[in-house]
Amino acid sequence: MEEFEGEAIVEAENVVSIMLRREAAERADEILHFSYWSGEIKELDAPGYLDRWQKKCYHATCSLDEGEILLVVGPPGSGKTTFIAEAARKLSEEERVWVTSNTNIAVDNVLEKLERALRIGHPSKITAGVRRHSVEYNLLSGIRFSDYREYASKVAEAYREIARIQNDMIRKGKIVVGSTILKGMMSALKNYDFDTVIIDEASNTCISTALLALEKAEKAVVVGDPYQLPPVYEVGGHKAAKFSAYNFLINIYGKNLWLRRHYRSNAKIAEFAARHVYGFLEIDEKCRRIKIEPCKTTIPEVGDPEKPLVFIDCNGVERREGRSKVNEEEAEVVAMIAEELAECVGEENVGVITPYVKQAELIRGILSEFGVMVEVSTVHSYQGREKDVVIYSITATGNPYFASEKRLFNVALTRARKKFIAVGNSKALEGKNLLLTRFMVAAIKEGGFVRLR
């Protein structure tokens, strides 16, 4: 399965987590005792507001028998979090349920929708909306002290009480517990098995990490998206996909259910992803009204709410910088667009994404000189996030294949709610069978192509 030597595993690791994952990997055959869901549906009513795809996944989740597993594909904006929250709420009426993921934000998104739950994790890593579910937050935030010795004593006492309360709540059952997988293995949760374990964002979870959660499950629901980035990417593209827990499990079981109605992004953005990546998605009518406010910008198409797909063609040329790439002319254009949009729609609503670390550093430096605090990062760092406007700096001009890789470009595109702007050199894309080339063609058809030459 995973190679622990010679390949880079992109997760913050410590010695304990490595040991746990290694042990789980060695027991993979024993842990994966599940058979796939039989297809039988129990008589129960799903919440009326769920769409037909969500209802099918809800019914399947709540109909699993002991020893069964269900795989669900949840594309961005398809109501995945809502389905998980509703299924967990229903199951917890009679069961002990663990909602888990490789990331804190995925867990928090689900627990924010629940009236009763237990959130396990350090208070600094959980969102404000789930603090009401955190014993740690509620006890630690109330500590008052006069010196650090008193503080240390009170914290130690608080953690003993935290462990007692968490154990008591989990032991009684009929509750949803939320934590990341690795945190669960190092907390009170490790002492318990669960009637149902729901793993979210499994495509971005390493196989051995997912096995730690599956070992705790009588029944399991694994939610992922094979068209998002896998957890290991330093080994490169197609090789990295084999490290994805979701991809690993679909190869074993060969079946899944889909969430296929999109709610989050502008219809044109969602339609491009549907046509060129997912094959079929229903686009909710409200997506046609998801637009930016009109903005006065140097390039009119950038600020036009009726042009959600834009390609800015600039004459930049890539330059190698170590193992990465930069493109100075393109960076200047991206910074100008980001500055103007930030003034119009707000800095917090604009994101700049690029495949290359050094290009991100260059753009960030230019923006900081002008006092613009727009977030700039690599595609991998943005996975699971979203912004109203996303500017994608392609950077590469010699070999644009990496910037056009299906999973990578899909993640970049689907971070955008209202507008997606790609900036690059069209000459590098013309005549090639690339996803970026198809995007450029789509922008031309929609009147969003601009040549800066």
Side-chain angles (χ1 to χ4, degrees), residues 28-75 78-101 106 110 113-114 116-117 173-178 181 192-203 205 207 210-226 244-262 278-282:
D29 291 341
E30 174 189 340
I31 293 169
L32 293 174
H33 62 276
F34 302 96
S35 57
Y36 195 77
W37 170 55
S38 67
E40 292 185 14
I41 296 291
K42 296 177 181 176
E43 287 190 22
L44 73 158
D45 293 327
Y49 76 95
L50 298 183
D51 65 42
R52 62 183 176 126
W53 307 100
Q54 290 172 317
K55 285 178 179 177
K56 187 170 185 179
C57 294
Y58 173 93
H59 280 128
T61 298
C62 296
S63 298
L64 290 176
D65 288 326
E66 185 175 328
E68 289 187 335
I69 190 170
L70 174 71
L71 304 184
V72 176
V73 179
S78 62
K80 167 177 64 79
T81 300
T82 298
F83 139 66
I84 294 173
E86 290 294 353
R89 178 185 287 115
K90 179 63 177 177
L91 289 168
S92 68
E93 292 176 3
E94 300 294 334
E95 295 185 0
R96 183 187 295 139
V97 180
W98 183 19
V99 172
T100 189
S101 177
V110 174
K113 295 178 177 289
L114 300 178
R116 180 173 179 271
K174 295 187 179 183
I175 192 169
V176 177
V177 182
I181 298 171
Y192 299 91
D193 290 332
F194 287 79
D195 300 291
T196 302
V197 171
I198 303 175
I199 304 176
D200 193 12
E201 295 192 355
S203 297
T205 301
I207 300 163
L211 288 172
L212 292 171
L214 291 172
E215 189 172 24
K216 294 288 183 183
E218 298 291 340
K219 302 173 290 182
V221 179
V222 181
V223 184
D225 179 353
S244 161
Y246 192 89
N247 291 351
F248 178 73
L249 292 170
I250 196 64
N251 285 335
I252 293 173
Y253 295 103
K255 299 177 183 178
N256 55 27
L257 295 181
W258 275 72
L259 296 166
R260 286 196 181 271
R261 190 165 186 84
H262 184 89
Y278 293 102
F280 167 68
L281 294 175
E282 295 175 354

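One is the number of the first residue; the rest follow in order along the sequence.
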For S101 and D200, indicate whether the former's side chain and the latter's backbone hold a donor-acceptor pair under 3.5 Å.
yes
Check whether any side-chain heavy atom of L50 lies under 4.5 Å from a side-chain heavy atom of F83, and answer yes or no.
no
Over 60° means perpendicular and under 30° means parallel, so tell me whether W258 and Y278 are parallel, tilted or perpendicular.
perpendicular
Quick check for you: to the nearest 0.5 Å, what is the distance between L249 atom CG and I199 atom CD1?
7.5 Å
Give the intermediate values and the outcome of side-chain contact (heavy atoms from CB on, under 4.5 Å) for residues E94 and K174.
CA-CA 5 Å; E94 300 294 334; K174 295 187 179 183; 3.9 Å; yes
Rounded to the nearest 0.5 Å, what's the gap from CG on L32 to CZ on F248? Could you check?
6.0 Å
In Å, rounded to the nearest 0.5 Å, how long is the span from OH of Y58 to CG of D45?
8.0 Å
Shortest non-hydrogen pair, V222 vs I69, comes out as CG2-CD1, 4.0 Å
Do the side chain of H59 and the main chain of K42 share a donor and acceptor less than 3.5 angstrom apart?
no
For L64 and F34: C-alpha separation, side-chain torsions, deciding distance, then whether side-chain contact (heavy atoms from CB on, under 4.5 Å) applies.
CA-CA 11 Å; L64 290 176; F34 302 96; over 6 Å; no
May I ask you to test the D195-L91 pair for a side-chain heavy-atom distance under 4.5 Å?
no
For atom CG of N251, is the number of surrounding heavy atoms from other residues, nucleotides or ligands below 6.0 Å larger than 12?
yes
Taking every heavy atom of P75 against every heavy atom of D225, the minimum-distance pair comes out as CA-OD2, 3.5 Å
I'd like to know whether NZ of K56 has more than 12 heavy-atom contacts from other residues, nucleotides or ligands below 6.0 angstrom.
no
Nearest heavy-atom contact between S244 and S203 is OG-O, 3.1 Å
How long is the gap from SG on C57 to CD on E86, to the nearest 0.5 Å?
13.5 Å
Please test V177 against Y192 for side-chain contact (heavy atoms from CB on, under 4.5 Å), starting from the C-alpha separation and ending with a verdict.
CA-CA 11 Å; V177 182; Y192 299 91; over 6 Å; no
Heavy-atom closest pair, residues W37 and L70:
CE3-CD1, 3.9 Å
When rounded to the nearest 0.5 angstrom, what distance separates CD1 in I84 from CD1 in I198?
6.5 Å
Test item: E68 side-chain N/O and S38 main-chain N/O as donor-acceptor pair under 3.5 Å
yes
Are S63 and L44 side-chain neighbours, meaning at least one heavy-atom pair lies under 4.5 Å?
yes
Could you pull out the closest heavy-atom pair between V73 and P226, with the gap in Å?
CG1-CD, 4.0 Å
Verify side-chain contact (heavy atoms from CB on, under 4.5 Å) between V197 and L214, making sure each step is shown before the conclusion.
CA-CA 7 Å; V197 171; L214 291 172; 5.6 Å; no
Is there a donor-acceptor contact under 3.5 Å from the side chain of R261 to the main chain of Q54?
no
Which atom names give the shortest non-hydrogen contact between V176 and A88, and what distance separates them?
CG2-O, 3.5 Å
Atom NE2 in H262, atom CG in L281: separation rounded to 0.5 Å?
8.0 Å
